[in-house]
Number of protein chains: 2
Amino acid sequence: MTTASARRPGRPRPGTLTREAILAAALALVDEQGIEALSMRKLAARLQVDPMSIYHHVPNKAALVSGLVQAVFAEMAPLPDGSGPWQERVRGWARAYRDLALAHPHLVLQIVTDAAAASEAAIQISEPLYAALAAAGLPPHPVIHAAGTLVDFVHGYALGASAAAAAAPMSDHLAAMDPALVPTMHRVHAEAEPGGGFEAGLDIIIRGITR
Amino acid sequence: MTTASARRPGRPRPGTLTREAILAAALALVDEQGIEALSMRKLAARLQVDPMSIYHHVPNKAALVSGLVQAVFAEMAPLPDGSGPWQERVRGWARAYRDLALAHPHLVLQIVTDAAAASEAAIQISEPLYAALAAAGLPPHPVIHAAGTLVDFVHGYALGASAAAAAAPMSDHLAAMDPALVPTMHRVHAEAEPGGGFEAGLDIIIRGITR
DNA sequence: GGGTCGAGTCTACGGCGTAGGGTTTAAATC
DNA sequence: GATTTAAACCCTACGCCGTAGACTCGACCC
């Protein structure tokens, strides 16, 4: 709301601190040190400002994090839209959404949670997906179900990818386990080392949509 | 490790406090008041114990939460296993896993995160899924991809379901938005009010696996 | 009885989010 | 130019938090 250059009665210093600067600093801090390192005090230190000053631009910490997520959503690359077969449009959308989520690995949880709660920014993001599915000639109900499935898949994938980046890969855990407990997994993973899980998932879901 | 009735050197009071009691109290606290209400002090109060006493059974708070998640994983209903067509086994597994995740709504995030990080408990849970897919005659690579897709979908779904339970449903947000921004979604949701997203997603993915 | 050990307790530290109340400032009005 | 005004900013302080470190005390072993 508070634009940087208002024309109202009193103004102390000419906007040395703005909501945008705060969000940018917070995003940088999170990208560098993770979400748990984000505190009002550290953020203020980075901005060379008293911690309480931040509260004149953001009502509380939760709103700040939410603002961070909204900012990330706003970065979603505008899709080429409308061209090509619907399968390719859906694929392109899914990749763009995944890239968006993984662009800030320390923020994936917040992004996915916010999207799962269906914030307005998150809803806007999925419009092209709905458009592509509707253009494929699907009736309303199947469109909703197909879109929901895809979104849920991307959320789950992004969560897994960011978790895998921060911890040991599943193969390690699996190798350390008693093969008798997980015989099929042991055998299957011994015979094939995967990768490409995202594209394979897209293939499966798009095939399943087509019937 | 520390069983309730050990026969070891020194014991002040006869096991008034055990790891199990701590986990049970913590789980109750979380189920009642949410994960953010879980603090060592509140937990201690509930157990009528000094906060620091807890640290004799759990190294720190992160381990406590992790223990909570492991305990929930241990509750996974043992599947009927091995009987029926593979589609039904996969369906049954997915439903059981979803129910597990949603059994403690305030813990869904940590459950899904833990599973995404492929903890041993989480790996064990997915063995029946792998078994069903392998029994379907799928080669190793497709088994891994199909399982990954399904797990990611369930994770995304569970996250969405728990978020939707705590916030306004998407329809409300959508109705409050400018229809020009999200024309397809607006139209599609006007023509069909869904539900059954989980089963529809399963249908899509299982169809997609089958080719 | 003396020694050991471990569960339970107490105290205290450094960090957190943020309420409440000044203080400073520059634009707006006179 | 003087006065008014209200936003931006800063300071202090409160009540939480996780947990390190030292102490108490009762049970067991020798």
Side-chain angles (χ1 to χ4, degrees), chain A residues 1-27 29-30 32-69 106 109-110, chain B residues 1-27 29-30 32-69 106 109-110:
Chain A
M1 283 301 159
T2 308
T3 55
S5 58
R7 202 52 65 92
R8 284 199 252 91
R11 222 160 77 262
R13 255 161 286 168
T16 52
L17 193 58
T18 64
R19 183 183 153 88
E20 283 68 33
I22 291 172
L23 286 177
L27 192 53
L29 204 149
V30 167
E32 287 167 21
Q33 305 180 218
I35 188 74
E36 73 280 4
L38 175 62
S39 78
M40 300 306 264
R41 288 164 152 96
K42 284 186 197 152
L43 180 56
R46 177 179 272 250
L47 288 162
Q48 302 195 81
V49 135
D50 183 277
M52 293 312 286
S53 300
I54 297 172
Y55 285 90
H56 281 269
H57 302 90
V58 151
N60 52 49
K61 190 186 178 182
L64 186 146
V65 173
S66 163
L68 233 47
V69 172
H106 292 304
L109 219 88
Q110 284 69 22
Chain B
M1 283 301 158
T2 309
T3 55
S5 58
R7 201 52 68 89
R8 288 206 247 88
R11 224 161 73 262
R13 256 163 287 169
T16 52
L17 194 57
T18 64
R19 182 182 154 90
E20 282 69 32
I22 291 172
L23 286 178
L27 192 53
L29 187 71
V30 168
E32 288 168 22
Q33 305 179 222
I35 186 75
E36 74 279 3
L38 174 63
S39 77
M40 300 306 264
R41 287 164 152 96
K42 284 185 198 154
L43 180 56
R46 177 179 272 251
L47 289 161
Q48 302 195 83
V49 133
D50 184 277
M52 292 312 285
S53 302
I54 298 172
Y55 285 92
H56 280 271
H57 302 90
V58 152
N60 52 50
K61 191 186 178 183
L64 186 146
V65 173
S66 164
L68 235 47
V69 173
H106 291 303
L109 220 88
Q110 357 299 323

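Proteins get letters first, then strands, A, B, ... in listed order; numbering begins at 1 in each.
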Legend entry - Of the listed nucleotides C:dT18, C:dC10, D:dT19, the one nearest the side chain of B:N60: D:dT19
Legend entry - Pairs involving residues 38-54 of chain A, ordered by first then second residue, that meet side chain to side chain donor-acceptor pair (under 3.5 Å) (sequence neighbours left out): A:E32-A:R46
Inset, instruction - Could you check which of C:dT9, C:dG17, D:dC9 has an atom nearest any side-chain atom of B:V49? - result: C:dT9
Legend entry - Atom pair distance, as rounded to whole Å: CG in A:L47 and P in D:dA8: 16 Å
Legend entry - Euclidean distance, atom NZ of residue B:K61 to atom P of C:dC16 [Å, nearest integer]: 15 Å
Legend entry - Whole angstrom value for the distance that separates C1' of D:dA20 from CD1 of B:I54: 16 Å
Legend entry - Atom-pair distance (OH on B:Y55; C1' on D:dG21), nearest Å: 14 Å
Inset, instruction - To the nearest Å, give me how far apart CD1 (A:I22) and C1' (D:dA8) are. - result: 11 Å
Inset, instruction - Identify, residue by residue, the members of residues 36-45 of chain A with a heavy atom below 4.0 Å from DNA chain C, and return them in order of residue number, or none. - result: A:L38, A:S39, A:M40, A:R41, A:K42
Legend entry - Nearest-Å distance for atom pair NE2/P, residues A:H56 and D:dA8: 8 Å
Legend entry - Pairing residues for B:L47 by the side-chain contact (heavy atoms from CB on, under 4.5 Å) criterion, not counting sequence neighbours: B:L17, B:I22, B:A25, B:L43, B:V49
Legend entry - Per A:M52 side chain, nearest of listed nucleotides C:dC10, D:dG18, D:dC10: D:dC10
Inset, instruction - Name all residues meeting the side-chain contact (heavy atoms from CB on, under 4.5 Å) criterion together with B:V69; count only those two or more places apart in sequence or in a different chain, and write none if there are none. - result: B:F73, B:Q110, B:I111, B:D114
Inset, instruction - Among the candidates C:dT9, C:dT18, D:dA8, find the nucleotide nearest to the side-chain atoms of A:H57. - result: D:dA8
